[in-house]
Amino acid sequence: MHSGEPEQATRKAMDLVRMAVSKVGLLNPLPEIVVGVQQSALVIGGGPSGMTTALELADHGFPVHLVERSNLLGGQARFLYNTWKGEPIGPALQEMDARVRSHPLITLHMESTVTDAEGFVGNFKSTIQSPRGPQAVDHGVTVIATGGKGYTPTEYGYGTADRVYTSIEFDKLTMMGDRRINDAKTFVFIQCVGSRELGRMYCSRVCCTHSVQAAVQLKEQDPTREIFILYRDLRTYGEREELFKKAREKGVVFINYELHGKPRVTQLDPRQLEVVVWDHILHEPLRIVADAVVLATAIVPSSANADLARIYKLSTDADGFLLEAHAKLRPVDFAGDGLFMAGLAHYPKSVDEAVAQAKAAAGRAITVLSSDRIGLESTKATPVLANCDGCALCLDVCPYHAISLVEEATAEGSRSSHIQVNVAQCKGCGMCQATCPKDGVYVAGFSMEQITAQVKAALAL
């Protein structure tokens, strides 16, 4: 910023050096912090992400506890039939299921949930509640892959009008050869059902591709079919653009609608529906008599996210999805060390993206598990017991829940309180030091004396 002002740049450099020298004279050696590592993992969620993570870790020689709350592995992928590339999902899931169940290093906990947890990176202890009762498990890392679920629509006649289906239901009926689908000639797909509107503003990302793919398949089965896709913004990103191009070539009609002018669906008779949508090109309502209406519903976070966020002290975004430490630099890590995420628990994504993220989470977990000890940063919060009176203000602001309150008996027989810092959980962020009104805690290397010395040096006092 001083490229054109060399004299000011030199003056600033001198100030910085003077400040650094004034601080160095007050520094104390910081002890090396090393903790042991329990070389095993806990993976929560038995969908494609969870199974991929468990297999990656187990194949690298680390014992894994895989927790799944239902009685089946596979998660939401069990209701899908093909990837956007046309690859069958069922056989891949069956192979993954068989590998998980037969792997000697994977302990499977079916119909189970995690109810409690304590500890820090390398040394977690979680309580798994199963039909056989609670079980405590020691592990070095935790990977959360609890998945998501489909939104249940409350509009467009779903649940009241016949032949109105969600995308998942439509896939199931198509695979079963249901006559209502096989005999149908006119299909209407409605996008963004439950997505990108008040209360759920995010895009579910996979819905557009799924609808376009289904439309192409319907046209390939019978080119005389009329297929309409009513969309707000079409997002067939990356190589998926080829699907959109193919759909246009085959005659699929795409009609844009706005949030304030949603399509209206009315049951005409048991076999037909009327869909009315405002056509922004014709500038008039377009009436479509359809044999089937397919709703591309939102992906919503699993209800387990909130419980696990409380148990493991994790952050979630405004929509209830788990929040990563940094979208670019630490996309599969949580803010707390030793905790990782994968799949729909993080955000809506396709199966191939969920599996790729699971492999990334396994790779990050292996960096912890590959050693029996792990060194931590020495810049940690340090209590000043002479000043601390146990007011607990720092407990409220610590984002990593690294501070606890300890009571001790005094020589006079009374009891006093003071804080205690778990150095493995502390990140040295300084929130506690900034909050404490009594100088009862400071971050090593940033004591009030050191900071004051720097300020005086900057001001040349």
Side-chain angles (χ1 to χ4, degrees), residues 77-91 150 153 156-193 204 206-232 234-237 239-257 263-279 281-282 285-297 350-351:
R78 290 184 289 112
F79 306 112
L80 304 176
Y81 297 93
N82 295 299
T83 67
W84 67 272
K85 294 181 179 180
E87 303 161 333
I89 293 176
Y156 303 119
Y158 181 78
T160 58
D162 194 19
R163 296 177 181 250
V164 177
Y165 316 109
T166 65
S167 297
I168 297 295
E169 293 168 347
F170 174 77
D171 281 358
K172 185 72 173 178
L173 293 173
T174 302
M175 293 298 296
M176 292 173 61
D178 191 280
R179 174 178 281 181
R180 291 172 294 178
I181 305 300
N182 288 344
D183 295 345
K185 289 296 183 181
T186 305
F187 296 81
V188 175
F189 292 81
I190 303 178
Q191 303 303 113
C192 293
V193 178
S204 293
V206 300
C207 322
C208 291
T209 301
H210 187 276
S211 294
V212 172
Q213 182 183 29
V216 169
Q217 291 173 348
L218 289 171
K219 275 288 192 180
E220 288 176 343
Q221 292 169 4
D222 183 355
T224 64
R225 283 170 166 165
E226 291 187 307
I227 302 176
F228 301 84
I229 295 182
L230 314 185
Y231 70 97
R232 288 177 58 197
L234 207 63
R235 298 182 177 179
T236 51
Y237 56 92
E239 295 180 2
R240 296 163 174 81
E241 187 76 17
E242 290 298 322
L243 279 174
F244 172 70
K245 182 180 178 182
K246 184 183 290 187
R248 293 297 300 266
E249 291 172 349
K250 291 184 177 296
V252 177
V253 179
F254 292 84
I255 302 173
N256 175 254
Y257 76 91
R264 300 192 308 273
V265 179
T266 307
Q267 183 93 50
L268 294 179
D269 57 56
R271 295 192 175 192
Q272 286 190 320
L273 300 153
E274 180 186 68
V275 181
V276 179
V277 60
W278 179 266
D279 191 310
I281 296 177
L282 300 176
L286 177 64
R287 177 178 177 269
I288 305 169
V289 178
D291 300 311
V293 173
V294 184
L295 307 180
T297 57
S350 60
V351 174

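All values derive from a computational prediction rather than experimental measurement.
- Residue E249 qualifies as enclosed at atom CD: its count of foreign heavy atoms under 6.0 Å is above 12.
- In terms of modelled atom types and a separation under 3.5 Å, the side chain of T160 and the main chain of G157 share a donor-acceptor contact.
- A donor-acceptor pair under 3.5 Å links the side-chain atoms of Y257 to the main chain of Q191, judged by distance alone.
- Counting heavy atoms of neighbouring residues, nucleotides and ligands inside a 6.0 Å radius, atom NZ of K172 does not exceed 12 of them.
- Here the side chain of R225 pairs a donor or acceptor atom with the backbone of A184 at under 3.5 angstrom.
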List the steps and the verdict of side-chain contact (heavy atoms from CB on, under 4.5 Å) for V275 and F228. CA-CA 10 Å; V275 181; F228 301 84; over 6 Å; no

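- Relative to the ring axis of Y237, R235 does not place its NZ or CZ within 45° and under 6.0 Å from the centre.
- Other residues, nucleotides and ligands place more than 12 heavy atoms under 6.0 Å from the CZ atom of R232.
- The structure places CG of L218 at 6.5 Å from OG1 of T174, a figure rounded to the nearest 0.5 Å.
- No donor-acceptor pair closer than 3.5 Å links the side chain of D279 to the backbone N or O of P285.
- Remark: D222 engages K185 in a salt bridge, criterion side-chain N to carboxylate O under 4.0 Å.
- P153 places a side-chain heavy atom less than 4.5 Å from the side chain of T166.
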